[in-house]
Structure formats: structure tokens, C-alpha cells
Amino acid sequence: MTTIAAISTPNAAGGIGMVRLSGEKAIEIADACFRGVSGRRLTSLSGYSAAYGQYLEADGAVLDDGVAIVYRAPKSYTGEDIAELCCHGGLFVTQKLLRRVYALGAVPAEPGEFTRRAFENGKMDLAQAEGVMKVIAAQGESALKAAGNTLAGSVSKKIHAVCDTLVSAAAALAAWADYPDEDIPAVEHGSLREALQKAAAALTKLIQNYDAGKAVTEGVRTVLCGKPNVGKSTLMNLLSGCEKSIVTSIPGTTRDVVEETVRVGDIVLRLSDTAGIREAGDEVERIGVRIAKDKIEGADLVIAVFDGAAPLTNEDRALIDLCRGKRCLAVINKTDLPRTLETGEIEAAFDTVLYLSAKDDAALDTLGEALSALLGAAGLDFSQEILAGERQRRCCENALGYLNDALAALDAGLTVDAVNVDIDCAIGELLTLTGQRASEAVVNEVFRSFCVGK
Ligand code: GDP
């Protein structure tokens, strides 16, 4: 196994920077470019020890000073020997130190290679590795808590419990089917059914929690729609706390689609402002309109904005139509002005209708609460296990599909073999989730999106 090295701190100037090495020669290479003030060599240090000293160039010139930390296999993040060389956090200094360890025999780490080695050395499973990614990407308290739980192994534990249920069911079924002459008790239809249903219920809950939690952990693809001048840009600026869109009182001037991630309470919205859905003659405006329609189709959530101080128009009605069947929130804006909007059609079409003024900061609380309720995030318990990402969700969903097939086969009175094939496939999906039976391609895919140095 090669010894890998990378800068593990962000690619920006900061107080401290860190070059991390992992592999057989990690400590030896670190020692070759380090002179401790105590005179002790890094190679003589036991695991979890730190030494202060100077990093040296090949000719003995001092490159920087800092603290070097030594971890000994297998008690380290990767399960291998690790040296973490902390230096001053300038971009140039960390780069120089990295080049120095390359010159001494370390090779550049691939994205996520430290975590991949941790996975390959059995320090964590694939679900936990994805938890690491989510911790890094977390944008809020709840997201961090959820990711931390995955990292700590809560999802893996849940999946193992489901797997155990299925393995026992499959084993009992197989034994009974394979040795009909032996005195093996017949697998009772009812108890098998119960076991499969229990497993299916656990997976359904994981999927539901993930979908609701996604609003917090990954952000909801949201589109703000409404005819020109209803206050979309004002609302967007209120949400983002800064002037991002072009706010103007001339109808139709917000032409570009501006995308932005904002946090409202604990909900993360991935917002795009649009040019409205007006069927305008002007070419630029028309492109905006087409984009708005496409965006509504591709969005997880539509915030439909109406002007409370203007009568309902056909453009508003067109928006109401476009929103049918989508997860939507209607906003009647400009409540600080006298109401001239007849809201009956809107109230009839949308489950949630909010009355607010985008010019008033208090609207943020109203929006936060409504979003939380609408997206099912209210009351979500992030100390529970929450799947870390679409891959894990897909595995659960596939497993659930097989379990439903198994239940159907059972009810249809099909042979034990047929039921067992489905149970086996479900187990396969769950083992892919944890990485115990994941193909090289799956593992590559998981680590592809990691950052270098993690
Ligand atoms: P957009 O075309 O939908 O993006 O609308 P804008 O955000 O550009 O707003 C159009 C006009 O309505 C601007 O003059 C805003 O200042 C005004 N406006 C937006 N929200 C409110 C509100 O809650 N109350 C009042 N009185 N004016 C508002």
C-alpha cells in the first residue's frame, strides 16, 4: 500500500494548515522533514503523541514550525500509520510542506482516499463513510446531528437489525424446504409474514424520515413563481438576507434565473427566482417564462406568490393551474396595503396559504413554521437514524420492493423458493447499502464526490 498525502484543511488562508499522511511510511516520511525541539524523533513516538518542532527543506533550511501528531496502526482514522503535520495556514506554506513530503516518497491522495482506506480497513462501513461527507457538508444544527448519527453507525445498526430478521427468515425457510424429511418445524405462514412486514415497516420509516429530513440536510429544490411585480425578488431578498435579485417596480425586469441556497429556520431551500410565468411578447421574457414552467416541473416545492393589493388575473390563474399536483405554498403578499385580491380561488387550490408582507422581517417566522409543517420536518427527531443520501435511500427502496414481492408471493401461495429469492435480493440491497456486498463501481461512486484530504 502506498503512503498518501494531502492538505486536509481548506484551500484558503487560515491560522493553521495541515498536511496529512497515511500509510506504512507515513511516520518515517514525516520524521525525515521534521526536527523536534525535544530532540526526539517522530519515529520513536507512540500513537496519539504530538511533538513541536520545525519542518525542514531538503537542504536543512527551515520551512515552517508547528506540531506534528503521530497515530499508530490500527488505532487511527484509516487504520494505518498516520502523521498529521500542522503548520501555519498560508496556502503557500502548506503547499510547500506537501511538496516536501511528496519528494520524500508520499503520493497524492485521491479524493476521499483517507476515508476509503478507513472503509477498506474495516474502520467504518459505507453508510458511515457517507455520514462523514454529510458532516462536512452540513449547513445547520439538525443536519449536523443527523449526519453525526449516521457517522456514529446508527443507520448501519438499523440496517443490520433488518438484515438479521431477514436472514433468520430466509434460513428457516431454506432449512424447511431443503430437508423436508428432517424434523424441522414448518415455517409458519403467519410468523414469516410478520417478520417480513416488520422489516418492511422499518425500511419504510427510514425512507420517510429521510424524505422529511432532506428538507434539513440537503435542501429542497424550490421555485418562487408569480407574475411580475408580485414581490418575488423582495421575498427572495428577505429569505437570503441580501440583495441578490434585481428588485424593481417595473414589471418584468427580473429576467435572469438566480439560484441560491437559503436557510429558513432549520429548512434549507435551494431557491431559484424566475422571470414569472407571464406569456410575454418580449423574447428575453419568454425564455424566462419557459424556464419557470420547466422549473416548476423539476421542483420539490413551489412557492406561488400573489399580489394581495391587486386583482386576480389570468396570469395568476395560469400559475394556480401549473401548481396543481405539486407540493406548493401560496403566499398572498403585500398585506401592509389594502386588500383588493379576491382570494377564494387561491384558498380553494392550495392547502397552505400564507398572508404576509415580504417587506416585513416577521414574515420569515411565518414562512419558517409553514415550511417546517409542510415538509414534514416539524417534529422530526434528528437523534434518530437518518439515511445519508440518495444512494442509501435507493438501496432501502429496492429492498422494500423485494420484500413486497416476497409478501405477494407468500399470499399467492408460491413456492418457498420463490419467496426466498425475493428475501435474498432484499438482503443483497441492504448489504450494498452498508458496503458489505457493494461492487467496486458502487464504492468508487461513493468516494468520487469526496474532497481531497478526507
Ligand atoms: P417581482 O417582479 O415579483 O420580483 O417583484 P419585486 O420584488 O420586484 O416587487 C415589486 C414591487 O412591489 C417593488 O416596488 C417592491 O418594493 C414592492 N413590494 C414587494 N413586496 C411588498 C410588500 O410586502 N408590501 C409593499 N407595500 N410593497 C411590496
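For ligands, and for the atoms within them, numbers begin at 1 and follow the listed sequence. Reckoned from all heavy atoms, side chains included, excluding hydrogens, waters and symmetry mates.
Of all the atoms in ligand 1, the ones that sit under 4.0 Å from a non-hydrogen atom of Ser357 are 22 (C), 23 (O), 24 (N). Remark: ligand 1 atoms within the under-4.0 Å shell around heavy atoms of Leu337 are 26 (N). Listed by atom number, the atoms of ligand 1 under 4.0 Å from Lys232 heavy atoms are 1 (P), 2 (O), 3 (O), 4 (O), 5 (O), 7 (O).
Relative to atom 9 (O) of ligand 1, the option among Thr234, Val230, Val331 with the closest non-hydrogen atom is Thr234.
For Thr335, no nitrogen or oxygen atom sits less than 3.5 Å from a nitrogen or oxygen atom of ligand 1, counting backbone and side chain alike.
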task = Show your working on side chain to side chain contact (heavy atoms under 4.5 Å, CB included) between Leu239 and Val264 and close with a plain yes or no.
result = CA-CA 7 Å; Leu239 288 170; Val264 195; 3.6 Å; yes

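Remark: Arg448 pairs with Glu445 by the side chain to side chain contact (heavy atoms under 4.5 Å, CB included) rule, at least two apart or across chains.
When heavy-atom distances to ligand 1 are checked against a 4.0 Å cut-off, Asn229 comes that close through both its backbone and its side chain. Contacts between Pro228 and ligand 1 below 4.0 angstrom, taking non-hydrogen atoms only, involve the backbone exclusively. The residue Val305 has no part lying near ligand 1, judged by heavy-atom distances below 4.0 Å.
More than 12 heavy atoms of other shown residues, nucleotides or ligands fall within 6.0 angstrom of atom NZ in Lys326.
Ligand 1 does not have Gly226 within reach: every non-hydrogen atom of the residue lies 4.0 Å or more from it.
Among residues at least two apart or in separate chains, salt bridge (charged side-chain N to carboxylate O under 4.0 Å, His left out) pairs with a member in residues 106-119 are Glu80-Arg117, Glu113-Arg117, Arg116-Glu120, Arg116-Glu440.
Under the 6.0 Å distance and 45° angle rule, Lys454 counts as a cation-pi partner of Tyr77.
Proximity of Val223 to Leu271: side-chain heavy atoms (C-beta onward) are nowhere separated by under 4.5 Å.
Between Tyr52 atom OH and Phe34 atom CZ the span is 9.0 Å, to the nearest 0.5 Å.
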